[in-house]
There are 4 protein chains.
Amino acid sequence: MVRVIKEKNKREKILQAAITVLSEKGLEKTKISDIVKEAGVAQGTFYLYFPSKNALIPAIADSMFQKSLEKIKEKIDDNTSFFHQLEDIIDITFQVTAEYREVLALCYSGLAITGVLQEWEKIYEPYYNWIEERIIIAQNKKEIRDDMNSRIIAKLLIELIEGTAEQVYLFEEDEKNASDYHRELLSFIKHSFAK
Amino acid sequence: MVRVIKEKNKREKILQAAITVLSEKGLEKTKISDIVKEAGVAQGTFYLYFPSKNALIPAIADSMFQKSLEKIKEKIDDNTSFFHQLEDIIDITFQVTAEYREVLALCYSGLAITGVLQEWEKIYEPYYNWIEERIIIAQNKKEIRDDMNSRIIAKLLIELIEGTAEQVYLFEEDEKNASDYHRELLSFIKHSFAK
Amino acid sequence: MVRVIKEKNKREKILQAAITVLSEKGLEKTKISDIVKEAGVAQGTFYLYFPSKNALIPAIADSMFQKSLEKIKEKIDDNTSFFHQLEDIIDITFQVTAEYREVLALCYSGLAITGVLQEWEKIYEPYYNWIEERIIIAQNKKEIRDDMNSRIIAKLLIELIEGTAEQVYLFEEDEKNASDYHRELLSFIKHSFAK
Amino acid sequence: MVRVIKEKNKREKILQAAITVLSEKGLEKTKISDIVKEAGVAQGTFYLYFPSKNALIPAIADSMFQKSLEKIKEKIDDNTSFFHQLEDIIDITFQVTAEYREVLALCYSGLAITGVLQEWEKIYEPYYNWIEERIIIAQNKKEIRDDMNSRIIAKLLIELIEGTAEQVYLFEEDEKNASDYHRELLSFIKHSFAK
DNA sequence: TATGAATGAGTCTTCATTCAT
DNA sequence: CATGAATGAAGACTCATTCAT
């Protein structure tokens, strides 16, 4: 019993160590030896759980994303208005982006480097679906205009929110404008959905 | 004189070769030796024009971006309405993204790798400014609502348009939905700006 | 009881698996993991029966050689003439070489690698002795000339027969000349022994 | 001019260093780093002249063999009798085998390991041809019996001489019997060829 | 005996960069 | 400016072996 828990933890342990080290040093400068040292396992053990260094990136992206989505789903109250939900989503996205900025940058670049851009789509799929649902519900409730392709708009919405959060926390030199971006973003989106 | 021109072109020749090879093979798999072979120069010659391999990425990004912006500026007619200009911008962005999809992915990843994310801002600066100007003009002309921070909205706008284009041409499996995305995007933005 | 038999066979099972895999992949590319997979036992089990990977080679060589010698001894009729016996020996040597060509190549290379060339001598000892006996008997019977060192000639003889078989089945591209070699070899030896 | 000589020497330098080190340590234990240290060049330089570690073996075999054959050809006097020539060939083969025993063992095992046994044939081709010529000449001169396939007998002859030399210098524990082997071998062959 | 997850030492190879010509 | 042979640091990955169960 204890054994099973241990086994399950070993992959997770390596993954967490990888996130830690990669966040600090970036993809190129991170050596497998750094990761296993951080994880407290042997060099060879890494290769029992991951086929290669590059295989880490999608695994991390997936892990990161799971957490974000969980956080969002758990915070959002289905009984509040669509716009209120939107605010919460933006809040959380900004928070998560701020907290994990290095890892996110890593994921973007890593997926591009390793040439598996399509992986993103698979990872995002549940998020797209979940947002689309909210949009359809809001359309049915007549909260927002209904002459839009809910699927595409879900993607644009996520793209816009995450892109803005990245703009603030990854590209911008300081974050003091975060609240301005936040406000403008919300306003921009509200107008887009307004009937 | 002919010689001088040739010499002057050598940097450009290497840059073009780099774009070609990088587009085909991706960042990790592209070796300097591939680039110089493609360019038809000696290995050492590369280092006469670029200080290092990593220095290529910003140079390419810059080159790419110049072309895009030029194309946009030259196509946009200042006398048409803001929304008409918007349509043109979206058109061109989609075109450029489609044409240079691999290079763009490369630029994103490359900038993240080399840790010079702030470079982006410098490169984009003129574009931000130019869009901001259009927004201010449109606000003054009362074409669009004026309760928005023109600077921030310029960034959001560019982010949204480019993000959507990338969605279509980099992440999506096929491009047959391009026109749907195009239409929804335009509609989304129009509603945002509407008074 | 059945269990005991099974256990006893486990070493043999591993040895056979090793022969199979090594014949297919060669020494360098064969991993212990391949062998145990083929044998259907666990990785650690290998080390219950063999102290190391290199220990396989002499074990295989020995096993191979035992079989060959048994086959030869059982086929040879002591009552026939020396030259008739020679023919049979050549026949069998050609057969065995043809059947186990990869394993033989392996044994040669393996013995050289592990630096235990002298092992060969030990393994061949019984064969040398046996051939030498035949030679002495034939000398006593005046079937062949007797001005030769029976010990040395036994070695030369074996060397020549096996070398020729290897020439045909290991080095030659096709085996269609096997019978020519066979005939020339026999004739060559006969003349050597002739009074 | 000096430059050309230098270039030509660098590959040769590495090859000689490889022979030295491999003779001492064997294939498995020899590291590229040992070879380049011995050769006095950089690690990477090795790969400018040889595609891999394994590529050394055929190159060494070839080099070794060239030297032997040259030595033989230069020593043999075409005007002497076939049997006299035979004696010289045996002499030289014994000498060369004694001198380069480790390298020869290496070549045999190495070619087997790397699975390129057929290379041997290509390398030996000129030697086979040269011996065959002598046999044919001797047949024409009626020095030896002419009811033999000169091609095959050339191979058997070489096989027998080299095999015996290896027996003496590679497998035998001490070499004090060398002259006995030498005498028996010559006698064995003479009888084979006798009319 | 049997297992197979874990170990970690060990090395081949790559490739950005340099510099003598 | 141009060359391209030479450099050598650096690290991903392998795999024989061990040992707790």
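Naming convention: chains lettered A, B, ... in sequence-line order (proteins, then strands); numbering from 1 in each chain.
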- request: Using salt bridge (charged side-chain N to carboxylate O under 4.0 Å, His left out) as the criterion, list what pairs up with A/Lys29, not counting sequence neighbours.
  value: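 Counting only residues at least two positions away or on another chain, A/Lys29 forms no salt bridge (charged side-chain N to carboxylate O under 4.0 Å, His left out).
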field: Residues forming a salt bridge (charged side-chain N to carboxylate O under 4.0 Å, His left out) with A/Lys25, sequence neighbours excluded
entry: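 Residues passing salt bridge (charged side-chain N to carboxylate O under 4.0 Å, His left out) with A/Lys25: A/Asp34.
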Output the rounded distance in Å from [atom1] ([X]) to [atom2] ([N]).
{"X": "C/Lys25", "N": "F/dT14", "atom1": "NZ", "atom2": "P", "answer": "13 Å"}
{"X": "A/Asp34", "N": "F/dA10", "atom1": "CG", "atom2": "P", "answer": "13 Å"}
{"X": "C/Ile14", "N": "E/dG4", "atom1": "CD1", "atom2": "P", "answer": "13 Å"}

Which residues pass the side-chain contact (heavy atoms from CB on, under 4.5 Å) test with [X], not counting sequence neighbours?
{"X": "A/Tyr47", "value": "A/Ile32"}
{"X": "B/Glu125", "value": "B/Tyr128, B/Asn129, B/Arg151"}
{"X": "C/Glu99", "value": "C/Lys71"}

query: In whole Å, what separates the P atom of E/dT1 from that of F/dT21?
result: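 Per the computed distance, 22 Å lies between those P atoms.
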message: More than 12 heavy atoms of other residues, nucleotides or ligands under 6.0 Å from NZ of C/Lys37: yes or no?
response: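 No, the 6.0 Å shell around NZ holds no more than 12 heavy atoms from other groups.
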message: Which residues pass the side-chain hydrogen bond (donor to acceptor under 3.5 Å, both in side chains) test with B/Glu38, not counting sequence neighbours?
response: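 Testing B/Glu38 for side-chain hydrogen bond (donor to acceptor under 3.5 Å, both in side chains), a comparison that skips the adjacent residues, returns none.
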- request: State which residues pass side-chain hydrogen bond (donor to acceptor under 3.5 Å, both in side chains) with C/Gln66; sequence neighbours excluded, sorted by chain then number.
  value: C/Asp62
task: Ignoring the backbone of A/Tyr49, work out which of E/dA6, F/dT3, E/dA2 is nearest its side chain.
output: E/dA6
message: Can you identify which nucleotide, out of F/dT3, F/dT7, E/dA5, has its nearest atom closest to the B/Val41 side chain?
response: F/dT3
query: For E/dT1, does OP1 or OP2 lie under 4.0 Å from any side-chain N or O of C/Lys10?
result: no
- prompt: With respect to the phosphate group of E/dA6, does any side-chain polar atom (N or O) of A/Thr45 fall under 4.0 Å of OP1 or OP2?
  reply: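 No, outside the criterion.
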Report all interatomic pairs (protein N or O, nucleotide N or O of nucleotides 16-20 of chain E) with separations under 3.5 Å.
| from | atom 1 | to | atom 2 | distance (Å) |
| --- | --- | --- | --- | --- |
| E/dA16 | OP1 | B/Lys53 | NZ | 3.2 |
| E/dA16 | OP2 | B/Ile32 | N | 2.9 |
| E/dT17 | OP2 | B/Tyr47 | OH | 3.0 |
| E/dT17 | OP2 | B/Lys53 | N | 3.0 |
| E/dT17 | O4 | B/Gln43 | NE2 | 3.4 |

- prompt: Starting at the 5' end of DNA chain E, what dot-bracket string do you get if Watson-Crick and G-U pairs under 3.5 Å are bracketed, crossing pairs use [ ], other-strand pairs use | and unpaired bases use dots?
  reply: .||||||||||||||||||||
